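To start, the structure under review is shown below, and the notes come after it.
If you're wondering where the values come from, they're calculated on a predicted model, not measured in any experiment.
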Amino acid sequence: MRRYFPKFKLSKPTKLNNLKTITCAVLLGSGLTGCIIAIKAPSITSDVSHLTTAKTSGTVSDEKVMGKPVVYQVFTRLFGNQNTTNKPWGTIKDNGVGKFSDFNDTALNSIKSLGVSHVWYTGVPHHALIGDYTEFGIDNDDPDVVKGRAGSPYSVKDYYSVNPDLADDPENRVAEFEALIKRTHDHNMKVIIDIVPNHVARAYHSIDKPQGVRDFGADDNKTVEFDRDNDFYYVVGQDFKVPKTMNNYAPLGGESNALTDATFVESPAKWTGNGSRAAQPHFNDWYETVKVNYGVKPDGSYAFTRLPESYRFKSYQAHAAFWADKDVPSSWKKFRDITQYWLAKGVDGFRYDMAEMVPVEFWSYLNSAIKMTNKDVFLLAEIYNPKQYRNYIQLGKMDYLYDKVDFYDRIKDIMQGHGNTGDLANIQQRYSDIEQHLLHFLENHDEQRIASEDFAGSAEKAKPAMVVSTLIGRSPTMVYFGQEVGEDGSEETGFGDPTRTTIFDYAGVPAHQRWMNGGKFDGGQLSAEEKSLRDFYQRLLNISAENSAMQGQYASLHEVNRKALTSYNHLQFAFTRWSAQEKLIVVSNFDSENSAQYQLEVPAQLINQWQLSAGQYQVEDLLYGATNILTVRDDKTASIDVKLAPLASFVFQLQAAK
């Protein structure tokens, strides 16, 4: 979760830098992580002879001809909205809002056509927002502690309910979401929702919790800063004060509201979500949220049993058994019960917000309990510290982590014209022992839209990056709705910043609305270029979803060709993927202006592993059907004559010998 500030406060580069600075201060300065020292990755050479190593556990066997998961993230409030007004700071009446019911059979079929296995419905748990639902027993939220009008989905106020904005009948909002879960399952896709363990809304209060469940903080001893079984940390003896605004910011864009008075009653004040211990947090703090206490003392020491290092490679069953007789903090049990509640309703996975701000031991406890209920649950964590990747996978029992700081950041550099494709091969080597756990993406709700001027300025520049990001490893691929039709996020919507599709405001998403075409979901209003882009995504993502090589082995062809060919430069990238059923050779040209032509070399070690005799073999591009010839020489080296247009790629599948 990126915490945005109004567009007039900070420049975009400063915001990104501030995120890293704030995160480091919280993670390292306050000691509130419970992090365990990472094991250094094993040394791996670039020699392809080392690629004969057996696949690690957890991959799909070659007998099962299938690919890997494709996650489609939708911002639920925005997806089905057909209103095109986009008035800055507009109300739900002005700008409209999407509903659960917008995900009908037609919409779900359009999502499934992209090869999607999992739909991440972002913004489902009931979060703070500015809207009057008092007739349904819901308290109004104070604009002084809400970001935007529609509110941040990461400021959850009731984990046992869903956002009333998303329901046709707010009284039956949970039932409407349950119906959406069933419809998604009927289309052979699984459902992921957000869980935000690090913080909750300042005004957290569940009106829909099951009998016997206690709210966060209901039983806290508020006379002390810390108690192991307090759900929050307290600034004893001081009341909360709304932050001083900056640069003429005013809630709701200055619109009058009965609750907008620069005050919010909270006594004593609680620590803020990003770890601020001030009774009056800074305007750039996550002031709309409060930090949850996981038994980490203010000095950074721990008030819970530590997980032994010997559990690093043990099963989730062993982790569950370890915690079975342990006394754990109250907050741990509350989130266990929340996740079990949603599992019982048919949810198939959770995306964990800012997971590295919560101790690894908690994740071991929570995820092992979840897996004991449903071993196939999809667990995805937002993490930005590569040094902690192995800890959260191996000790925290995560299925997948964002591969943002390394792979996404480097491929973005290349798309922007100042990167080197060799970095991608190095990253894939560096994480070869865990690469199947590092989810790849080029967009999500936190990141800039590819087509925005501050990212690439053209959705076309995503094409080689998507081919490489999607096909290079065994990890899932994630696409953000609208990405596949080139949405540029340029709208001025109020609290949210242009270049990113807003998560704080009521808004429409223009390129996606052209795909919706009044509810037909047939792209009837798209331009020819947008239709072609979506066709590309559909072809590529279905290769990922359906081909067994995606769960097979990988070898880089980059270094051997960089050394052998002057025409194969830092904007070219090639690799192979293979299983018992198929062999793929993938080659991409990241150059947006120049074609590339060269004789791509394939080393003898790889040809021997594929057991190919000297001769000529036809290869066929899985993207668009072009054919070519792989020539295997007597010395078992091989080559393909490649000619790539700017931003073009081939995904060659080996066919029979000629």
If we ignore hydrogens and angles and just use 3.5 Å, is the side chain of [X] paired with the main-chain N or O of [Y] as donor and acceptor?
X    : Y    : value
E435 : R474 : yes
N561 : L557 : yes
W342 : Y159 : yes
E443 : I450 : yes
S110 : A107 : yes
D505 : G148 : no
Q553 : R577 : no
N163 : D165 : yes
E487 : G489 : yes
K87  : D94  : no

How many angstroms lie between atom [atom1] of [X] and atom [atom2] of [Y], to the nearest 0.5 angstrom?
X    : Y    : atom1 : atom2 : value
Q428 : D406 : CD    : CG    : 11.0 Å
W89  : N95  : CH2   : CG    : 12.5 Å
Q483 : Y72  : CD    : OH    : 9.0 Å
L630 : Q655 : CG    : CD    : 11.5 Å
T184 : D348 : OG1   : CG    : 9.0 Å
F177 : K182 : CZ    : NZ    : 15.0 Å

Item to check | S490 and D488: CA distance, side-chain angles, deciding distance, side chain to side chain donor-acceptor pair (under 3.5 Å) verdict | outcome: CA-CA 6 Å; S490 60; D488 65 5; 3.0 Å; yes
A side-chain contact here means heavy atoms from C-beta on lying under 4.5 Å apart; do [X] and [Y] qualify?
X    : Y    : value
D621 : Q653 : no
T106 : L108 : no
N444 : M478 : yes
Q73  : F481 : no
Y121 : D194 : no
L623 : L540 : yes
Q572 : L644 : yes
V70  : H118 : no

Could you check whether [Y] and [X], counting side-chain N and O atoms only, form a donor-acceptor pair closer than 3.5 Å?
X    : Y    : value
T499 : S452 : no
K461 : Q416 : no
R449 : T501 : yes
N420 : D423 : no
Q525 : N517 : yes

Item to check | Worked verdict on H440 versus Y402 for side chain to side chain donor-acceptor pair (under 3.5 Å) | outcome: CA-CA 7 Å; H440 285 180; Y402 278 18; over 6 Å; no
Next on the checklist: Is the ring pair H445/Y480 parallel, tilted or perpendicular, if the boundaries are 30 and 60 degrees?
Outcome noted: perpendicular
Checklist entry - Hey, what's the ring geometry for F573 with H558, parallel, tilted or perpendicular (30° and 60° as the breaks)? => result tilted
Checklist entry - Hey, mind stepping through Y506 and N81 against side chain to side chain donor-acceptor pair (under 3.5 Å) and telling me if it holds? => result CA-CA 9 Å; Y506 296 111; N81 185 18; over 6 Å; no
Checklist entry - Does the ring of F455 carry K412 above it, NZ/CZ under 6.0 angstrom from centre and within 45° of its axis? => result yes
Next on the checklist: Tell me the closest heavy-atom pair linking A465 and L442, and the distance in Å.
Outcome noted: CB-CD1, 3.7 Å
Checklist entry - Where is the tightest heavy-atom contact between I427 and R410, given as atom of each residue plus distance? => result CD1-CG, 3.4 Å
Item to check | Salt bridge flag under 4.0 Å for residues D641 and K643 | outcome: no
Checklist entry - Under a 4.0 Å N-O cut-off, is there an ion pair linking D409 with K404? => result yes
Item to check | Neighbour count >12 (heavy atoms, 6.0 Å) for atom NZ, K99 | outcome: yes
Checklist entry - Taking the six-membered ring where the residue is Trp, are the ring centres of Y431 and Y389 under 6.0 Å apart? => result yes
Checklist entry - Would R183 and D186 satisfy salt bridge (charged side-chain N to carboxylate O under 4.0 Å, His left out), going step by step from the backbone distance to the final call? => result CA-CA 5 Å; R183 288 197 302 277; D186 289 345; over 6 Å; no
Next on the checklist: For D535 and S532: C-alpha separation, side-chain torsions, deciding distance, then whether side chain to side chain donor-acceptor pair (under 3.5 Å) applies.
Outcome noted: CA-CA 5 Å; D535 175 71; S532 176; 5.7 Å; no
Item to check | Pair F521-F79, ring-ring contact (aromatic ring centres under 6.0 Å, His included): steps then yes or no | outcome: CA-CA 11 Å; F521 290 92; F79 179 86; 5.7 Å; yes
Next on the checklist: Set out, in order, the CA-CA distance, both residues' side-chain angles and the distance that settles salt bridge (charged side-chain N to carboxylate O under 4.0 Å, His left out) for D446 and R500, then state yes or no.
Outcome noted: CA-CA 7 Å; D446 283 326; R500 295 175 176 87; over 6 Å; no
Item to check | Test salt bridge (charged side-chain N to carboxylate O under 4.0 Å, His left out) applied to R173 and D169, step by step | outcome: CA-CA 6 Å; R173 56 195 180 277; D169 177 5; over 6 Å; no
